[in-house]
A.B. asks: 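Structure below; questions to follow.
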2 protein chains.
Amino acid sequence: MKRKATALDVAKLAGVSRSAVSLVLNGRGDGNVALESQQRIREAAAALNYSPNKIALSLRNQQSRIIGIVSDQVVTSPFDGNIIAGADAVAREHGFVTVVMDTELDESRDESAVETLLDRQVDGLMYVTVGLRPLHVPANMARVPSILANCFDDRPEAGLPAVIPDEVRGGREAAEHVMSLGHRDIAFLAGDSLTPAAPRRIEGFRDAFSGAGMPVTQDRVIQVGWDIDAGFHGAMKLLEGVEPAARPTAILCANDRLAIGVVLACYRLGLSVPQDVSVMGYDDEFRIAKAMVPALSTMALPLREMGAAAMASLLAEVGSAPEGTSDDGGPAAAAVSGAARETLVPCRLVVRESTGPVPAGR
Amino acid sequence: MKRKATALDVAKLAGVSRSAVSLVLNGRGDGNVALESQQRIREAAAALNYSPNKIALSLRNQQSRIIGIVSDQVVTSPFDGNIIAGADAVAREHGFVTVVMDTELDESRDESAVETLLDRQVDGLMYVTVGLRPLHVPANMARVPSILANCFDDRPEAGLPAVIPDEVRGGREAAEHVMSLGHRDIAFLAGDSLTPAAPRRIEGFRDAFSGAGMPVTQDRVIQVGWDIDAGFHGAMKLLEGVEPAARPTAILCANDRLAIGVVLACYRLGLSVPQDVSVMGYDDEFRIAKAMVPALSTMALPLREMGAAAMASLLAEVGSAPEGTSDDGGPAAAAVSGAARETLVPCRLVVRESTGPVPAGR
DNA sequence: TTGAAAGCGTTACCAT
DNA sequence: ATGGTAACGCTTTCAA
């Protein structure tokens with residue numbers, strides 16, 4: 001296979017001009033080019049395995065049908081990759097391709113990543129983060145239609161639309177789930193406040209209590225961090241050496257890794273899950289939550305949906321939906337708050353085996 | 001900020017011709033352009049915030065200083081993202097940028113992903129996979145310098161260079177680590193044979209036994225899968241209801257998730273780790289191995305190094321190292337087997353708290 | 001030392 | 001209906 005055929009090659013082979021080739025191959029042949037020529041052109045193109053040079057196209061048309069995705073660390077960290085998967089799927093449906101650049105959490109690379117993408121004439125830009133977080137959007141992002149997924153810019157002037165999970169609702173529904181199983185003494189192991197996710201989930205947790213007309217047990221909410229060991233030690237503090245009647249009967253965790261630590265602690269103390277204490281995760285992490293022993297009840301983050309909703313909305317702004325299906329504006333359940341242009345996507349309760357009825361007598 | 005400045009804008013502002021601008025800005029000004037003009041050109045460029053249009057450059061030069069990375073699922077899965085991080089770091093050092101496309105494990109998208117990248121004039125291509133695996137390289141990859149990271153093509157005709165971890169050595173050194181702690185009855189929970197990683201690690205495990213002049217205890221090697229529950233049930237089979245003297249004193253796992261399951265089982269059975277049984281993982285998974293309770297001894301996969309070595313080697317083939325540091329051929333420890341052009345990168349033993357001396361009397 | 005012109009591969013306009 | 005030509009932004013060669 002040698003150098004690729006150009007439109008000129010096709011034109012020569014078909015015995016016509018370059019313009020004719022262009023017209024025909026772009027569907028604007030009828031009424032402009034003789035039917036017989038059209039036929040010859042198509043044959044020639046097929047014979048030469050011709051496809052237009054995308055670089056030349058971009059230069060000419062000032063657009064590329066490429067959406068650039070810049071991520072803080074979703075490529076290189078284990079988390080949230082499905083946002084990109086969801087975004088990519090929608091882009092492909094509409095005849096766009098996505099191209100990803102990861103800054104590995106180095107904000108000084110933000111601008112240059114965006115610049116590189118812009119240099120390549122991307123038609124739109126999406127910024128994706130691991131974990132919900134506030135962000136200072138790179139200034140040059142404003143040069144093309146752009147959107148934020150799993151992050152938001154709280155400076156009023158930088159009003160980029162954002163698609164984020166409904167964390168407070170997630171926290172509330174998690175609490176409501178164990179409440180519906182009869183639990184009243186519920187603890188919440190809540191990550192830290194470095195990400196807004198934890199405070200929002202705590203807020204939902206509190207909402208559930210007020211909603212149930214129950215007092216919010218202040219000291220049952222502890223912020224310990226996000227990893228297995230944090231969950232372990234947090235649970236130990238809650239359970240070790242305390243008499244059964246004073247133990248929380250359910251422990252909600254701000255992610256699945258904490259839940260692993262909690263289960264570890266329970267087993268170490270000879271406690272059964274969920275017979276003695278119910279444990280709930282958050283995130284529904286791939287091959288973690290489902291594979292745990294016992295399989296973790298959890299609040300699934302709507303990663304794919306977020307990516308898909310963000311891309312659908314971005315593409316609508318980019319305009320031109322020539323190749324894809326009609327876009328009717330994303331998931332029906334999503335709510336948009338007018339001013340800030342934030343789309344909240346609901347989390348999904350997943351009930352497995354780590355939560356059960358409250359122990360008798362509690 | 002309106003439309004970007006072009007070379008013509010700079011030329012006009014400096015009162016010279018486009019060619020002069022090009023010459024000066026590409027360092028070929030001396031001896032061709034009057035010093036005074038050079039100065040004016042540089043000032044004009046700075047004033048207009050000029051940078052050459054990359055698309056036009058690519059079209060003109062038939063190259064882009066972009067390396068395309070196609071991944072089977074490293075973006076969208078939680079694993080092995082550091083291969084890309086390592087590759088990207090090296091590329092950036094040399095003035096290249098990387099652009100990633102993930103096929104989400106859909107092999108029918110391989111060709112078109114490569115095609116898209118090729119259309120964009122990438123100067124080189126890297127195929128990266130999650131977990132060591134054989135692969136049928138997309139045919140069109142051969143059109144530019146290419147390399148495989150964490151995968152290999154075993155068809156003799158498709159001789160692309162590959163950078164992979166030295167799994168058999170990893171398996172051997174893992175076994176040797178616990179042997180050095182006095183363990184003799186060692187079990188190996190070994191994933192499955194869907195990936196060549198497990199068989200190779202098993203081979204290394206066996207090598208360690210022959211090396212120590214010990215009989216290979218056949219029934220101590222069990223292939224159970226890769227997830228927490230598999231580790232849990234595997235360990236249960238090994239430990240539950242068997243008298244202490246008949247228990248393996250160390251359990252090696254083919255990944256860290258299995259090790260979590262094993263520890264879970266130990267705790268459930270009232271066994272301590274590492275006092276009663278030593279447990280070892282594999283992979284050194286980010287925020288898993290280190291965060292476990294106890295922190296997992298493990299065999300770290302050299303992900304970053306693999307990505308870096310692969311990129312260094314690819315860039316050497318692409319040629320032209322104008323902007324970066326000199327490349328001296330990757331990690332010193334890597335071994336290249338001439339014919340197949342496979343580079344084996346050694347894993348790294350990480351000793352933490354889950355392995356300890358063999359219990360007294362065993 | 002400088003500038004004009006060709007060419008990279010397209011598409012779109014405008015005479016023919 | 002057709003094909004020539006300009007334009008996208010750049011680099012490079014060649015003549016002045």
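Just so we're on the same page: letters track the sequence lines, and every chain starts at 1. Remember, predicted model here, so these are calculated numbers, not experimental data.
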A.B. asks: Classify the side-chain pair A/R18/A/T6 by whether it contains a donor and acceptor separated by less than 3.5 Å.
C.D. replies: no
A.B. asks: Can you tell me how far C1' of C/dC8 sits from CG of B/D119, to the nearest Å?
C.D. replies: 15 Å
A.B. asks: For C/dT11, take OP1 and OP2 only and decide whether either is under 4.0 Å from a side-chain N or O of A/R28.
C.D. replies: no
A.B. asks: Please tell me whether B/N53 and A/D119 have a donor and an acceptor in their side chains that are separated by less than 3.5 angstrom.
C.D. replies: no
A.B. asks: So, is A/N26 near the phosphate of C/dT11, with a side-chain N or O under 4.0 Å from OP1 or OP2?
C.D. replies: yes
A.B. asks: Counting side-chain heavy atoms from CB outward, which of C/dT2, D/dC10, C/dG9 is closest to B/N32?
C.D. replies: C/dT2
A.B. asks: Rounded to the nearest angstrom, tell me the gap between atom CZ in A/R120 and atom P in D/dG9.
C.D. replies: 15 Å
A.B. asks: Starting at the 5' end of DNA chain D, which residue's closest nucleotide do you reach first, A/L35 or A/R18?
C.D. replies: A/L35
A.B. asks: So which one's nearest nucleotide on DNA chain C is more toward 5', B/A56 or B/D30?
C.D. replies: B/D30
A.B. asks: Side-chain N or O of A/S37 less than 4.0 angstrom from OP1 or OP2 on D/dT2?
C.D. replies: yes
A.B. asks: Should the pair B/E115-B/R143 be classified as a salt bridge under the 4.0 Å nitrogen-to-oxygen rule?
C.D. replies: yes
A.B. asks: Rounded to the Å, how far apart are B/Y50 OH and D/dC10 P?
C.D. replies: 4 Å
A.B. asks: How close or far is atom C1' of D/dT2 from atom CD1 of A/I41, stated in whole angstroms?
C.D. replies: 10 Å
A.B. asks: Can you tell me if A/S22 touches the phosphate of C/dT11, counting only side-chain N or O atoms and a distance under 4.0 Å to OP1 or OP2?
C.D. replies: yes
A.B. asks: Mind checking A/L57 for me? I need base, sugar-phosphate or nothing, with any heavy atom below 4.0 Å counting as a touch.
C.D. replies: sugar-phosphate
A.B. asks: What is the distance, to the nearest angstrom, from the CG atom on A/L8 to the P atom on C/dC8?
C.D. replies: 9 Å
A.B. asks: Round to a whole Å and report the spacing from CG of B/N61 to P of D/dT12.
C.D. replies: 6 Å
A.B. asks: Where the side chain of B/V16 is concerned, which of C/dG3, C/dT11, D/dC10 is the nearest nucleotide?
C.D. replies: C/dG3
A.B. asks: Between B/N61 and B/Q121, is there a side-chain donor-acceptor contact under 3.5 Å, judged purely by atom types and distance?
C.D. replies: no
A.B. asks: To the nearest Å, give me how far apart CG (A/L23) and P (D/dG4) are.
C.D. replies: 14 Å
A.B. asks: Taking only the side-chain nitrogens and oxygens of B/Q62, find out if one of them lies under 4.0 Å from OP1 or OP2 of C/dG9.
C.D. replies: yes
A.B. asks: Let's see if you can work this out: which of D/dG3, C/dC8, D/dC10 has an atom nearest to the side-chain heavy atoms of A/S19?
C.D. replies: D/dG3
A.B. asks: Would you kindly say whether B/T129 and B/D72 are connected by a side-chain donor-acceptor distance under 3.5 Å?
C.D. replies: no
A.B. asks: Looking only at the side chain of A/V33 (C-beta and beyond, no hydrogens), which of the listed nucleotides C/dT11, D/dT2, C/dT2 gets closest?
C.D. replies: D/dT2
A.B. asks: Do A/T98 and A/R92 get their side chains close enough for a donor-acceptor pair, meaning under 3.5 Å?
C.D. replies: no
A.B. asks: A/L59 has an atom CG; how far is it from atom P of D/dC10, in whole Å?
C.D. replies: 9 Å
A.B. asks: Is A/R60 near enough to D/dG9 that one of its side-chain N or O atoms lies under 4.0 angstrom from OP1 or OP2?
C.D. replies: no
A.B. asks: Classify B/A7 by what it touches in the nucleic acid, base, sugar-phosphate, or nothing, heavy-atom distance under 4.0 Å.
C.D. replies: sugar-phosphate
